Participant: 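Have a look at this one before I ask anything.
Keep in mind that this is a model prediction, so the values were computed, not measured.
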Amino acid sequence: MIPEDKVKRNKHYRCLEYSADQDSDLYLIACGKEQCDVNVINGPDVRKGYHLHVVLSGTGTLIAGGQEFHPHFGQMFLLKDGEEVTYFADEHDPWEYCWVTFNGREAEKLITDMGFVDGVYVVDSSIEPSEFFQIVYRMHEKPEMNYYNDFRRTGLMMEFIALGLEATATKEKTKERRNEHSTETYINLALEFIHFNYATITVNDIIEYIGFTRSYFTTVFKEHVGVSLQKYLLQHRLMKACEQLVNTDMSVGQIAASVGYDNALTFSRSFKNAYGISPTVYREKHS
């Protein structure tokens, strides 16, 4: 049963609440937004779950862990599971915020990855606060408590958390991530990504998927594979084209389109540069 909320709320308060006692790796407890009135104090109170707030405008005061903070626009603040907190809006510039409350076996690791380690309750965000608000807005679009809406809101909760992780990412965290797995692991992920998506991707798509800088990853890719990322993508497309020339009755234009070429002439030119003969002659020789 959800405990009674004794704080007086205004017409700008919106919240959906669930049980705080669930058994899962990650689960939603609440989500909402509030444009706060002045002279309304929340707490002191001990909260269940991790209440991740994004300040949409204004500022306020947060008292937690024996410290006083003043989160403002462009920052996120956290009410931590099982810790006593007090918070209230600034008298002259009262804040408006949105939040998602979650818990579960994976929750503490996720908030730590965002930078909310011991003694830290406020972090800067590199992402426009309105992006977080849009997720919460979508969570409230279908407020009915039913099976499929629960799935929908759980997915949006994960999107909110993912945005929080992205918003607090730093170069140092990227370096730590780079060290989590061997370079070969990331090379293999890139190769797998190419093999499944070769007809529709660019080098930039591969770089974005892996998550490293272009200069870094293109260098290590060439060191390990022996050819550049661009050349490997081209070679894989042409190899797939060869298979289709031999094993199908598709036209050269159809094959060109199927391996990522908008123009059959450009495809034929690339093919001849690679194999020394045109696609038509290759088909005749290998059929």
Participant: Is any side-chain heavy atom of Val246 closer than 4.5 Å to a side-chain heavy atom of Tyr282?
Facilitator: yes
Participant: Are Asp124 and Thr168 close enough that some pair of their side-chain heavy atoms sits under 4.5 Å apart?
Facilitator: no
Participant: Under a 3.5 Å distance rule, please check whether Ser125 uses its side chain to pair with a backbone N or O of Met76 as donor and acceptor.
Facilitator: no
Participant: Have Gln244 and Ser258 got a donor and an acceptor in their side chains that come within less than 3.5 Å?
Facilitator: yes
Participant: Might you confirm whether atom CG of Asn204 has over 12 heavy atoms from other residues, nucleotides or ligands at distances under 6.0 Å?
Facilitator: yes
Participant: For Tyr275 and Phe271, take the angle between the two ring planes, folded into 0 to 90°, and tell me which bin it lands in: parallel under 30, tilted 30 to 60, perpendicular over 60.
Facilitator: tilted
Participant: Residues two or more places apart in sequence or in another chain: which of them pass side chain to side chain donor-acceptor pair (under 3.5 Å) with His51?
Facilitator: Thr101
Participant: Without swapping roles, check the side chain of Asp205 against the backbone of Thr202 for a donor-acceptor pair under 3.5 Å.
Facilitator: yes
Participant: Distance-only, no hydrogens or angles: does the Ser126 side chain make a donor-acceptor pair with backbone N or O of Ala167 under 3.5 Å?
Facilitator: yes
Participant: Is there a side chain to side chain contact (heavy atoms under 4.5 Å, CB included) between Leu62 and Leu79 once you walk through the steps?
Facilitator: CA-CA 9 Å; Leu62 170 68; Leu79 315 183; 3.7 Å; yes
Participant: The criterion is salt bridge (charged side-chain N to carboxylate O under 4.0 Å, His left out); which residues satisfy it with Arg105, sequence neighbours excluded?
Facilitator: Asp23, Asp25
Participant: Just one of Tyr186, Tyr198, Tyr209 clears the ring pair (Phe, Tyr, Trp, His ring centres under 6.0 Å) bar with Phe193, so which one?
Facilitator: Tyr209
Participant: Does Asn197 reach the main-chain N or O of Thr200 with its side chain, forming a donor-acceptor pair under 3.5 Å?
Facilitator: no
Participant: Taking it one step at a time, do Glu84 and Arg47 satisfy salt bridge (charged side-chain N to carboxylate O under 4.0 Å, His left out)?
Facilitator: CA-CA 7 Å; Glu84 183 178 274; Arg47 302 300 182 101; over 6 Å; no
Participant: Quick one: which residue pairs count as a salt bridge (Lys or Arg N to Asp or Glu O under 4.0 Å) with a foot in residues 236-246, not counting sequence neighbours?
Facilitator: Lys240-Glu243
Participant: Which word best sums up how the rings of Phe133 and Tyr137 line up, parallel for under 30°, tilted for 30 to 60°, or perpendicular for over 60°?
Facilitator: tilted
Participant: My understanding is that only one of Glu83, Gln67, Lys80 makes a side chain to side chain donor-acceptor pair (under 3.5 Å) with Tyr121; could you say which?
Facilitator: Glu83
Participant: Tell me if the CG atom of Asn273 is crowded by more than 12 foreign heavy atoms within 6.0 Å.
Facilitator: yes
Participant: Could you tell me whether Gln235 atom CD has more than 12 heavy atoms of other residues or ligands within 6.0 Å of it?
Facilitator: yes
